[in-house]
Amino acid sequence: MVTSSIDRYIPQEIEPKWQKRWEADGLYRSVIDESRPKHYALTMLPYPSGDLHIGHWYAMAPSDARARYMRMRGYNVLFPMGFDAFGLPAENAAIRHGIHPFKWTMSNIENMRRQLRSMGAMFDWEREAISCLPGYYKWTEWFFLKFYDAGLAYRKKSAVDFCPQCNTTLAREQVWGEDRHCERCGTPVIKKELEQWFFRITDYAEELLDFSQIDWPERVVTMQTNWIGRSEGAEVTFVSEREDPIVVFTTRPDTLWGATFMVLAPEHPLVDKLTTPECRQAVENYKFQAARQSEIERLSTEKEKTGVFTGAYAINPVNGERIPIWIADYVMMTYGTGAIMGVPSHDERDFEFAIKFGLPIIPVIDRRDGLAKSLVFPGSVRDGFADELRAAGIEFVTGPVGDVGEGLYVILHGDEQIDHYVELMRAYLLPNNWNEIVGARWIFIFDDGIQELNSVEADRRILARCKEIYPSVSHNRTVMEMLHSLPFYRDVLFHAEYGTMINSGPFTGTPGDVAVKKVTEWLEKQGIGKFAVNYRLRDWLISRQRYWGAPIPIVYCDKCGTVPVPYEDLPVLLPEDAEIPPSGENALKYHEGFLHTTCPRCGGPAERETDTMDTFLCSSWYQYAYLSPYYKEGDPAHSDSMPFDPKEGAYWLPVDVYTGGIEHATMHLIYTRFFTKVMRDLGLVDFDEPMLVLRNQGIILGEDSEKMSKSRGNVIAPDDLVEKYGADTVRAYLMFGWRWELGGPWDSQGIEGVSRFLERVWNCVLAPGYGGSEEPGEIEIRNLRRKVHQAIRKATEDMESFSFNTYIANLMELNNIMLKAKETPVYGTEAWEEAVKTLVLLLAPACPHIAEELWTRTGHPYSVHQQAWPVWDPEIAAEEIITLVVQVNGKVRDRIEVPADIAEEQAKELALSSNGAQRHTAGKTVQEVIYVPGRLVNIVVK
RNA sequence: GCCGAAGUGGCGGAACAGGCAUACGCGCGCGACUCAAAAUCGCGUGAGGGUGACCUCAUGUGGGUUCGAUUCCCACCUUCGGCACCA
């Protein structure tokens, strides 16, 4: 079996050899085979930037290994590859090097194909799909028309995010970070009012929140859930004094009685109508500022609230209170109804706004913690008050109050204490003074009685009284503003928790856990509001002002307006002779031949839409494109065409396992789910989710633990590594070095270890071993077989759970044990042959080339990649002798070797009589003996 | 601020479902081979103590549950990621 010449392991020789052979044989061609179960393994397609980097390898090589494992498990596996080929870098290259985006892209693809081949992955190249080829983007355009026909594509003028560097609008998902920068180039975006095309992804918001059919990582589910941002509440209709209904969305209808003002977004359509002549100028100025502000760079840290009064008033529908209507940029036109009710007592933002502009703040929800505070001003009470407090067990400290002397800072807990305090205060308060209790209760004690802060009216009354007594508070516009000037009170002036309703007319006393529901029901009955759900998710802005993308198949006709290009005329081709302006503007806008066309409806002159589609559209359906790339059946296309071969779809879909980076959690991974759900509703597929299982790999950092970048000079180039170590070593190291989902810094010494491992495997399999004449012992043979079968079990479990690092470690362990056995008479036995065969088979998914070479050299028929995954025999894998740990009071004191099937009583006996146990139980009483079969005996002593 | 993930030797990391912490690899030390070095092979390698058998401590920190906790619960600290005036 061993070849006579013990060649060295030279991956550079064997790898290209096998790659050629596999390709020539079509070994990885995946065709429909009803006799076998299918497995569609998909890994995210690369953008053809020109070079495959180590991150691509890290994503693809382990994915390939797993696809190969599934194949050995008997599945008919589809593992395709393609290129997400539209996008900006191609245009930038065109500007910089004067090379056409198409040429640039295709030559990059050529190079990347070579690099991908060097990986030795089982890609089925006959299913390759490139999104910038007309045969592909014809279908991307077709999807646009289908969405348009279904009412899911619409054009709207609105303020959208625009990247000045990329010269194009962006979807909300593509604007990242605190400074709201472009996901691609990092430039902070600006706002622009533009007519843009949108996809109605919000129609699917509710369904997109349902992850019950898919096994996706928790963090992706969480990110998508947060991104969609569902919140339940109510829509309530307020009416302006001039009878204009203003609808607000609130999650806290239970705080309605505390709404003391309204705020509209500056762009709200009612603003112009509501604004009174006196306020018009200020409102106009503010609107202008607000629009401009988003164009200036946003320094978003703790922006102070701004806003202006419109001069108009609305009536609070629950209590008839007349409340002012303001506009402010902290209210977004894009969320809810673009208008809010201001409840400053129970919303931090509204509180801040009300304090700044002197709007009344009335608490309407009780504090659940019962905390209240009171500041006793110096000289406001008779002597002995502090002693009374002490006697009553009331917590307080003495401290300076401004520069007027020593006061008492009192902290109260619960109604009983507060009532007692009020009593004391009434007895001790000196004439012409007042004292207030703030927090759990809102009580103002004057020398002639007490007043509660329970309405806007009370606010005015109390404030007037206070000003009378103490004129230096005269500048305050509300009671809360006055209280707010004392830092002691600040943390109890508002709270956002649920609690019993107070100061809320007939609802006063309603407990917090039912308040929202009760009020909502009542609102519905009254016809002034209704239950409502809001989402943070926005419709998907798909227009891009770029040349290098799939054209939006729309023409604009003076007579007929917006007219979709007929299906039969697809694709709308990108003109090849377009000149990319150095400004980076859209070349299509200046391409007369493209721009001017005839209206498909009336035949008159018309202009084409020059915006192209977000490249995320191309990648939203690529898993379907792979089934039958550039599908020709529907040529010319028709509304009822299929973008892929339904026979292929019926067999392969949906994707069983999807692998890729987490950075797409709220972009590609939401879009493709949306696409699939629309496709289902259009009757194109019969399932709800595109990918059943998703696993994310982490990121490989440079050796300096920093993100790899050319400027840092810490980039690891896979081509160099393949040249030095061979692809198998690179693949195995990428699987071994880190927890796959976490990634981490590259280690150029770590890969040496894996390289040594493969050399040891080579030698283990091929170099001659024991040459003596002793007969092998039965126990040694059993031990080897046990290890082999345990290794099969472990390798299988690890592959199932994507635990690639332990999968490799397990093979290293097996190899280490085999290397020892090799120097014994076990070498050459049947058990040895089984071990060698198993090692090669288990290694095949990770290191396909060396496995194929060793397989052939050990006399097996080509190909190792058509072999079945080994099966372990539980009986052979079972341990006969086990090490039983002997603990005394939970500490390991001894280890004893016992038969695996030892009886409990016997195990306990042996444990008790063991040296270690004896040492630590001597002179003590054994209280309990715990036996965990196969693991340990724990002796509890006292 | 909110949401999520992760903290284990010098390093990457392992540990079924609460049961031997540190598998596997890197690095390091010693040894063999060599005139020498590299490569390779062998042995050792969490910290501290003891001549020794052994003992004590150690999975971010502090508590708790348990016969027993890296694992479960509570609080906190650090790092990373996402969101961010979302009503």
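Bear in mind that the values here come from a model prediction, so they are computed numbers and not experimental data. Keep in mind that the numbers below use all heavy atoms, side chains included, and drop hydrogens, waters and symmetry copies. A, B, ... follow the sequence lines: proteins, then strands. Residue 1 opens every chain.
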#### Entry: Passing candidate, side chain to side chain contact (heavy atoms under 4.5 Å, CB included) with A:V236, options A:T250, A:T520, A:N316
A:T250
### Query
Do you know which of A:I201, A:T666, A:L209 makes side chain to side chain contact (heavy atoms under 4.5 Å, CB included) with A:L537?
A:I201
Separation of the [atom1] atoms in [N] and [M], to the nearest angstrom:
| N | M | atom1 | answer |
| --- | --- | --- | --- |
| B:rC20 | B:rG68 | P | 15 Å |
| B:rG10 | B:rA23 | P | 14 Å |
| B:rG62 | B:rU8 | P | 16 Å |
| B:rC85 | B:rG81 | C1' | 22 Å |
| B:rA36 | B:rG48 | P | 34 Å |
| B:rA58 | B:rA53 | C1' | 23 Å |
| B:rU70 | B:rA6 | C1' | 13 Å |
| B:rA32 | B:rG19 | P | 44 Å |

Got a sec, which residues hit side-chain contact (heavy atoms from CB on, under 4.5 Å) with [X], two or more places apart in sequence or on another chain?
| X | result |
| --- | --- |
| A:E797 | A:R793 |
| A:K787 | A:Q790, A:E813, A:L814, A:I817 |
| A:D491 | A:K373 |

Could you tell me how far apart [X] ([atom1]) and [N] ([atom2]) are, to the nearest whole angstrom?
| X | N | atom1 | atom2 | answer |
| --- | --- | --- | --- | --- |
| A:Y725 | B:rA39 | OH | P | 12 Å |
| A:N815 | B:rC41 | CG | P | 11 Å |
| A:W738 | B:rG13 | CH2 | C1' | 12 Å |
| A:E703 | B:rG12 | CD | P | 13 Å |
| A:L742 | B:rU8 | CG | C1' | 14 Å |
| A:R739 | B:rG13 | CZ | P | 7 Å |
| A:R895 | B:rA21 | CZ | C1' | 11 Å |
| A:D798 | B:rG13 | CG | C1' | 13 Å |

Taking atom types as modelled and ignoring hydrogens, do the side chains of [X] and [Y] form a donor-acceptor contact shorter than 3.5 angstrom?
| X | Y | answer |
| --- | --- | --- |
| A:W227 | A:E173 | yes |
| A:R760 | A:N763 | no |
| A:D539 | A:T202 | yes |

What pairs of nitrogen or oxygen atoms, one from the protein and one from nucleotides 79-83 of chain B, lie under 3.5 Å apart?
unit_1 : atom_1 : unit_2 : atom_2 : d
B:rC83 : O3'    : A:R536 : NH1    : 3.0
B:rC83 : O2'    : A:R536 : NH1    : 3.4

#### Entry: A:T251, nearest nucleotide to its side chain (from B:rA14, B:rA87, B:rC20)
B:rA87
### Query
Take atom NZ in A:K707; do more than 12 heavy atoms of anything else shown fall under 6.0 Å from it?
no
### Query
Relative to the 5' end of RNA chain B, which residue comes earlier, A:L819 or A:D347, by the nucleotide with the nearest heavy atom?
A:L819
### Message
Closest-nucleotide mapping onto RNA chain B: is A:K794 or A:I939 further toward the 5' terminus? I mean the 5' end.
### Response
A:K794
### Task
Name the orientation of the base relative to the sugar in B:rG64: syn if the glycosidic angle is within 90° of 0, else anti.
anti
### Query
Out of curiosity, A:I808 CD1 to A:M735 CE, how far, rounded to the nearest 0.5 Å?
5.0 Å
### Query
For A:S705, which residues count as a side-chain hydrogen bond (donor to acceptor under 3.5 Å, both in side chains) partner, sequence neighbours excluded?
none
### Task
Only pairs at least two apart or in different chains count here, so list each side chain to side chain donor-acceptor pair (under 3.5 Å) that has a residue in residues 252-262 of chain A.
A:R252-A:D254
### Message
I need the full list of side chain to side chain donor-acceptor pair (under 3.5 Å) pairs touching residues 743-753 of chain A, with sequence neighbours left out, sorted by first then second residue.
### Response
A:E703-A:S748, A:Y725-A:E752
### Task
Quick one: label A:V940 by what it contacts on the DNA or RNA (base, sugar-phosphate, nothing), any heavy atom closer than 4.0 Å.
sugar-phosphate
### Task
Scan A:G934 against the nucleic acid and name what it touches under 4.0 Å (heavy atoms): base, sugar-phosphate only, or nothing.
nothing
Give me the distances for all protein-to-nucleotides 22-26 of chain B N/O pairs that come in under 3.5 Å?
unit_1 : atom_1 : unit_2 : atom_2 : d
B:rA23 : O2'    : A:E813 : OE1    : 3.3
B:rG25 : OP1    : A:N816 : ND2    : 3.1
B:rC26 : OP1    : A:R756 : NE     : 3.2
B:rC26 : OP1    : A:R756 : NH2    : 2.8

## Note on the structure
With sugar-phosphate taken as primed atoms, P, OP1 and OP2 and all else as base, the protein-contact string of nucleotides 52-59 of chain B at under 4.0 Å (heavy atoms; B, S, -) is --SSSS--
Please list every donor-acceptor pair under 3.5 Å in which a side-chain atom of residues 884-891 of chain A meets a protein atom from a residue at least two apart or in another chain.
unit_1 : atom_1 : unit_2 : atom_2 : d
A:N889 : OD1    : A:V941 : N      : 3.0
A:N889 : ND2    : A:V941 : O      : 3.4

### Query
Any donor and acceptor pair, going by atom type alone, linking the side chain of A:Y807 with main-chain N or O of A:L842 inside 3.5 Å?
yes
### Query
For RNA chain B, which consecutive runs of 3 or more Watson-Crick or G-U pairs (each distance under 3.5 Å) count as stems?
B:1-7 with B:77-83, B:10-12 with B:24-26, B:27-32 with B:40-45, B:46-49 with B:54-57, B:60-64 with B:72-76
### Query
Do A:I902 and A:L910 pass the side-chain contact (heavy atoms from CB on, under 4.5 Å) test, and can you show the C-alpha distance, the side-chain angles, and the key distance before you say yes or no?
CA-CA 10 Å; A:I902 189 168; A:L910 282 171; 3.7 Å; yes
### Message
Please confirm whether the ring centroid of A:W540 lies under 6.0 Å from the ring centroid of A:F616.
### Response
no
### Task
Give me the residues of residues 331-340 of chain A where at least one heavy atom lies under 4.0 Å from an atom of RNA chain B, by number, or none.
A:V331, A:M332, A:Y335, A:I340
### Message
Would A:K305 and A:Y330 count as a cation-pi pair here, with the cationic atom under 6.0 angstrom from the ring centre and within 45° of the axis?
### Response
yes
